Amino acid sequence: MNKLHVKTGDTVVILSGKDRGKKGKILATSPKEGKVIVEGANIISKHVKPKKMGEAGGIIKAESAIYACKVQVVCPACGQATRVAHKIEDGKNIRVCKKCGKAL
């Protein structure tokens, strides 16, 4: 079992590649592969066949998966890209911003 430092719904910034600097929300995670799908980033052209009678096929644009190590969480409080720390409060493990100390 592999663990990722990001969750679905986190806002992240992309650190490297053709979409470097773009911000987006995580739509899906794949811990087994160590990949995430970020909204509006790593767009590919996908050739789709019509499934039913009367349905249109063609080329559609879709987000593709990128490695989780290439994204960093953006803190909602300070607005900066940051690493994730963990703190135990009231017996619960919470994720905390390394820069400002606020909960993510």
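Here the structure is a predicted model, which is why all the values come from computation and not from measurement.
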Does a side-chain heavy-atom distance below 4.5 Å link Val74 with Lys23?
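Counting from C-beta outward, Val74 and Lys23 do come under 4.5 Å.
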
Within the structure provided, determine whether Thr11 and Pro76 are in side-chain contact (heavy-atom separation under 4.5 Å).
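No, their side chains stay 4.5 Å or more apart.
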
Let me see the working for Val71 and Ile66 under side chain to side chain contact (heavy atoms under 4.5 Å, CB included), right down to the final yes or no.
CA-CA 9 Å; Val71 299; Ile66 57 174; 3.7 Å; yes

Result block: side-chain N/O donor-acceptor pairs under 3.5 angstrom for residues 25-41, not counting sequence neighbours:
residue : atom : partner : partner atom : Å
Ser30   : OG   : Glu33   : OE1          : 3.2

Sequence neighbours left out, what pairs pass salt bridge (Lys or Arg N to Asp or Glu O under 4.0 Å) with at least one residue falling in residues 95-104?
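Listed once each, the pairs are Asp10-Arg95.
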
Sequence neighbours excluded - salt bridge (Lys or Arg N to Asp or Glu O under 4.0 Å) pairs with any residue from residues 45-61
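Matches after skipping sequence neighbours: none remain.
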
For Ser64, what residues pass the side-chain contact (heavy atoms from CB on, under 4.5 Å) criterion, not counting sequence neighbours?
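side-chain contact (heavy atoms from CB on, under 4.5 Å) check on Ser64 returns Asn42, Ile44.
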
I'd like to check the side-chain contact (heavy atoms from CB on, under 4.5 Å) partners of Ile59; sequence neighbours left out, ordered by chain and number.
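Once residues adjacent in sequence are excluded, the partners of Ile59 under the side-chain contact (heavy atoms from CB on, under 4.5 Å) criterion are Ser45, His47.
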
Which ILVMFWY residues are connected to [X], directly or by a chain of links, through side-chain heavy atoms under 4.5 Å apart?
X: Val48; value: Ile60
X: Met53; value: none
X: Ile43; value: none

For the student: nearest non-hydrogen atoms of [X] and [Y], plus distance:
X: Pro50; Y: Ala56; answer: CB-C, 4.2 Å
X: Gly101; Y: Val96; answer: O-CG1, 3.2 Å
X: Leu4; Y: Ala68; answer: CD2-CB, 3.7 Å
X: His5; Y: Val84; answer: O-CG2, 3.9 Å

What residues, two or more places apart in sequence or in another chain, satisfy side chain to side chain donor-acceptor pair (under 3.5 Å) together with Asp19?
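Asp19 satisfies side chain to side chain donor-acceptor pair (under 3.5 Å) with Lys22 once adjacent residues are dropped.
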
Of all residues at least two apart in sequence or in a different chain, which pass the side chain to side chain donor-acceptor pair (under 3.5 Å) check with Lys92?
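So Lys92 forms no side chain to side chain donor-acceptor pair (under 3.5 Å) with any residue.
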
Which residue pairs pass the side chain to side chain donor-acceptor pair (under 3.5 Å) test with at least one member in residues 72-91, sequence neighbours excluded?
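Sorted pair list comes back empty.
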
Should Val6 and Val13 be counted in the same cluster of Ile, Leu, Val, Met, Phe, Trp and Tyr side chains packed under 4.5 Å apart?
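The answer is no; the residues belong to distinct hydrophobic clusters.
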
